[in-house]
Protein chains: 4
Amino acid sequence: MTESIGARQAGVRRNREALLAAAAAVFVEQGVQAPIRDIAGRAGVGLGTVYRHFPSRAELVTAVYRHQIEECVALADALRQEPVAPGEALARWIDAFVEFLVTKHGLGVALQSEDPSLHTLHTLMLDELVPACAALIEAGVAAGDIDPEVTAYTLMRAVGNLCILGPGYERAHARDMVARLLAGCRPTR
Amino acid sequence: MTESIGARQAGVRRNREALLAAAAAVFVEQGVQAPIRDIAGRAGVGLGTVYRHFPSRAELVTAVYRHQIEECVALADALRQEPVAPGEALARWIDAFVEFLVTKHGLGVALQSEDPSLHTLHTLMLDELVPACAALIEAGVAAGDIDPEVTAYTLMRAVGNLCILGPGYERAHARDMVARLLAGCRPTR
Amino acid sequence: MTESIGARQAGVRRNREALLAAAAAVFVEQGVQAPIRDIAGRAGVGLGTVYRHFPSRAELVTAVYRHQIEECVALADALRQEPVAPGEALARWIDAFVEFLVTKHGLGVALQSEDPSLHTLHTLMLDELVPACAALIEAGVAAGDIDPEVTAYTLMRAVGNLCILGPGYERAHARDMVARLLAGCRPTR
Amino acid sequence: MTESIGARQAGVRRNREALLAAAAAVFVEQGVQAPIRDIAGRAGVGLGTVYRHFPSRAELVTAVYRHQIEECVALADALRQEPVAPGEALARWIDAFVEFLVTKHGLGVALQSEDPSLHTLHTLMLDELVPACAALIEAGVAAGDIDPEVTAYTLMRAVGNLCILGPGYERAHARDMVARLLAGCRPTR
DNA sequence: CATGAATGAGGGTTCATTCAT
DNA sequence: TATGAATGAACCCTCATTCAT
């Protein structure tokens with residue numbers, strides 16, 4: 001009996017995971033506005049199951065990206081402990097963030113969307129990612145590597161935008177542009 | 001007779017202009033994918049009138065932005081004639097481009113959209129804007145103000161992306177980020 | 001003054017004729033349900049002009065075919081005077097009718113349509129063509145060439161239907177089928 | 001569990017059947033081009049349900065008529081086994097075909113329509129009905145009852161056309177005309 | 001009389017969301 | 001819990017028809 005409950009719970013969790021994977025894949029192919037039905041189909045579950053696990057599209061989007069966002073936060077913490085120059089730390093972190101953004105393409109668009117249904121994602125970024133980035137920037141400023149005018153939120157939005165890809169503007173281009181933006185964030189004297 | 005025909009033509013033109021204005025406004029509020037009905041309603045005309053003037057959404061979008069695009073092109077030509085340092089000329093031009101983008105916000109999104117219906121707009125940019133920008137960059141490279149690696153298309157896409165605004169990331173922020181990106185486009189030695 | 005009135009009237013008539021020609025052509029290409037605009041465009045006149053001359057689609061359709069219908073009537077009269085066997089006369093007349101129907105293709109469909117807007121056409125056929133045909137049949141019956149059961153209206157409807165062409169069922173097939181139908185209308189003894 | 005699934009499946013099937021019945025009725029009244037909404041309304045279901053069951057109009061049309069088409073095919077097979085004269089067999093089969101056509105009136109029009117959306121129906125007829133008819137004709141030709149010039153496809157198109165009814169041209173008339181057409185298909189000597 | 005711009009009803013189609021099983 | 005059938009709002013687009021000039 002206990003076992004069957006455990007088995008059921010495992011099934012539930014498996015469904016949730018399958019949905020997250022399917023959603024991530026579909027978001028890459030069609031963007032975050034893809035039909036829910038496509039995600040259900042890809043995950044091999046019914047439509048109702050999607051709604052049960054993620055009552056709103058926003059919750060699904062958020063869940064899909066939360067893990068990576070948390071990884072980014074963790075990386076920021078780690079980099080702050082390491083004995084690297086603060087400017088270098090920030091650069092590496094931004095690199096990781098870019099990697100995250102261009103891999104899950106579609107997120108760039110999502111992050112800047114004013115669509116209220118994606119508000120949660122926005123909040124998540126504000127609450128988690130911005131402070132992490134801010135700490136790195138602060139250190140960079142203190143070390144004279146970064147212009148004190150630069151704010152974490154603005155920089156991240158900018159980086160997010162630069163990672164919106166399209167035909168003729170691919171990963172490498174985004175990476176290059178981000179690098180130049182960062183270069184432009186050094187203090188002007 | 002001529003007068004009445006003139007009056008009719010004036011009415012037609014007024015409608016067309018009203019539609020362009022309405023479309024521009026609606027695009028700002030809802031993006032370029034806004035329902036055609038909304039645009040018709042805002043312009044105070046029937047649905048059919050929109051289709052008469054702009055048989056496809058792409059034509060409407062293009063018409064809305066064509067004027068400003070042409071202004072940008074003209075400005076680039078003018079700046080090349082002026083006795084300013086090439087780097088300065090590019091900076092001023094990019095400023096004007098940013099102004100254009102942040103004013104008609106929604107265009108940033110439109111420019112990077114892969115939606116085939118917006119292909120025309122993309123083409124317009126490719127055919128008109130990119131060469132104009134390329135000429136300025138070339139001059140900047142020759143003068144040693146700009147890194148030869150920088151290409152016009154990539155830079156414009158990047159600037160376009162940086163001009164996708166949102167709450168907490170307003171015009172001023174976009175302007176600042178673009179300025180820093182441009183700073184990062186100076187030759188590294 | 002009188003002249004200019006004459007000139008105007010001539011212009012009006014010319015428009016009417018152009019419209020009939022255009023409508024005939026468009027009906028052949030697209031059927032009798034073709035957009036009025038297409039007909040106006042083909043005739044080189046404005047939309048309003050079509051509506052002035054032919055307030056309803058039915059009137060236009062009727063006008064287009066009236067001439068040919070009258071020709072058919074005249075032919076029937078002529079054939080009755082000629083010294084041919086009545087059966088032969090009917091056959092020849094049906095031949096002409098078929099020719100008319102398959103040339104103006106789309107009419108077959110129009111003739112059998114229950115669309116109330118085409119009611120006039122139906123009436124025209126009933127009033128003009130049916131009596132003409134009936135006279136020929138009557139003579140044929142009298143001569144023992146035609147089964148007395150056969151009625152003009154039914155036969156004409158049948159012939160009309162057999163002349164609805166389509167891919168794989170072309171003029172020649174229609175002609176052949178009509179000939180066989182006619183053969184089947186001989187008296188059974 | 002099995003029961004409730006069974007109940008659901010039954011409901012689905014009932015819906016499907018209701019749709020087929022509604023479509024058949026609406027086709028009779030308005031023709032196969034009737035608005036999908038009307039069919040949905042008549043069946044008492046939502047619009048989406050029609051699209052779920054029959055993604056395209058063609059599929060709905062085909063489904064409506066498929067059963068009868070298959071019956072016709074089966075009848076042809078049966079008649080070939082029976083000890084009747086081939087000419088008689090063909091006549092009986094054509095009778096059944098006519099019955100089918102005049103009952104589902106609207107199909108006559110559908111069968112001759114060039115509308116690409118009805119292509120499937122056409123194909124169905126070509127693939128199923130024509131061979132069935134051809135076999136009967138062949139036997140008739142061999143027995144000297146049928147003119148070898150007659151082809152199945154042409155004959156069926158002709159019969160189909162003759163079964164397009166209208167006011168003043170009802171079932172009985174169609175039946176009579178078809179009989180005469182068939183009579184005209186005997187060998188001419 | 002002729003013109004053609006404007007209108008808006010009408011019909012197709014998609015998809016988010018609910019809910020009975 | 002999971003399923004997926006059903007619903008219907010929302011968009012798209014076409015064209016018949018009117019009417020000011």
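All heavy atoms count here, side chains included; hydrogens, waters and symmetry mates do not. Remember, it's a predicted structure, so these values are computed and weren't measured experimentally.
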task: Taking all non-hydrogen atoms of both residues into account, name the closest pair between C/I164 and D/N161 and its distance.
output: O-ND2, 3.0 Å
- line: Which of E/dG4, F/dT1, E/dA2 is nearest the side chain of C/V12? It is E/dA2
- request: From the options E/dT7, E/dG4, E/dA2, select the nucleotide whose nearest atom is closest to the side chain of B/V45.
  value: E/dT7
Atom [atom1] of [X] and atom [atom2] of [N]: how far apart are they, to the nearest Å?
{"X": "A/I39", "N": "F/dG4", "atom1": "CD1", "atom2": "P", "answer": "17 Å"}
{"X": "C/F54", "N": "F/dA16", "atom1": "CZ", "atom2": "C1'", "answer": "17 Å"}
{"X": "A/R13", "N": "F/dT1", "atom1": "CZ", "atom2": "P", "answer": "13 Å"}
{"X": "A/E59", "N": "E/dA16", "atom1": "CD", "atom2": "P", "answer": "16 Å"}
{"X": "A/R52", "N": "F/dG4", "atom1": "CZ", "atom2": "C1'", "answer": "14 Å"}
{"X": "D/L19", "N": "F/dT7", "atom1": "CG", "atom2": "P", "answer": "9 Å"}
{"X": "C/R42", "N": "E/dG4", "atom1": "CZ", "atom2": "P", "answer": "18 Å"}
{"X": "A/L60", "N": "E/dT17", "atom1": "CG", "atom2": "P", "answer": "12 Å"}

Donor-acceptor contact below 3.5 Å, side chain [X] vs main chain [Y]:
{"X": "C/R57", "Y": "C/V32", "value": "yes"}
{"X": "C/T49", "Y": "C/V45", "value": "no"}
{"X": "D/R42", "Y": "D/A18", "value": "no"}

Scan nucleotides 11-13 of chain E against the protein and return all N/O pairs shorter than 3.5 Å with their distances rounded to 0.1 Å.
residue	atom	partner	partner atom	Å
E/dG12	OP1	D/I36	N	3.4
E/dG12	OP1	D/R57	NH2	2.5
E/dG12	OP2	D/I36	N	3.2
E/dG12	N7	D/R37	NH1	2.9
E/dG12	O6	D/R37	NH2	3.1
E/dT13	OP2	D/Y51	OH	3.0

Verify the contact: side-chain N or O of [X] to OP1 or OP2 of [N], cut-off strictly under 4.0 Å; return yes or no.
{"X": "B/T49", "N": "E/dA5", "value": "no"}
{"X": "A/H53", "N": "F/dT1", "value": "no"}
{"X": "C/N15", "N": "E/dA2", "value": "yes"}

[atom1]-[atom2] distance between [X] and [Y], expressed to the nearest 0.5 angstrom:
{"X": "B/L121", "Y": "B/L60", "atom1": "CG", "atom2": "CG", "answer": "11.0 Å"}
{"X": "B/I36", "Y": "B/F54", "atom1": "CD1", "atom2": "CZ", "answer": "10.0 Å"}
{"X": "C/R13", "Y": "C/R16", "atom1": "CZ", "atom2": "CZ", "answer": "8.0 Å"}

Per-nucleotide pairing state of DNA chain F [Watson-Crick or G-U, under 3.5 Å; [ ] pseudoknot-crossing; | other strand]: .||||||||||||||||||||
- request: For the pair B/R66 and B/E59, find out whether any cationic side-chain nitrogen is under 4.0 Å from an anionic carboxylate oxygen.
  value: no
- request: Run the numbers on D/I39 and D/F27 for side chain to side chain contact (heavy atoms under 4.5 Å, CB included), then give the verdict.
  value: CA-CA 9 Å; D/I39 295 166; D/F27 288 168; 3.8 Å; yes
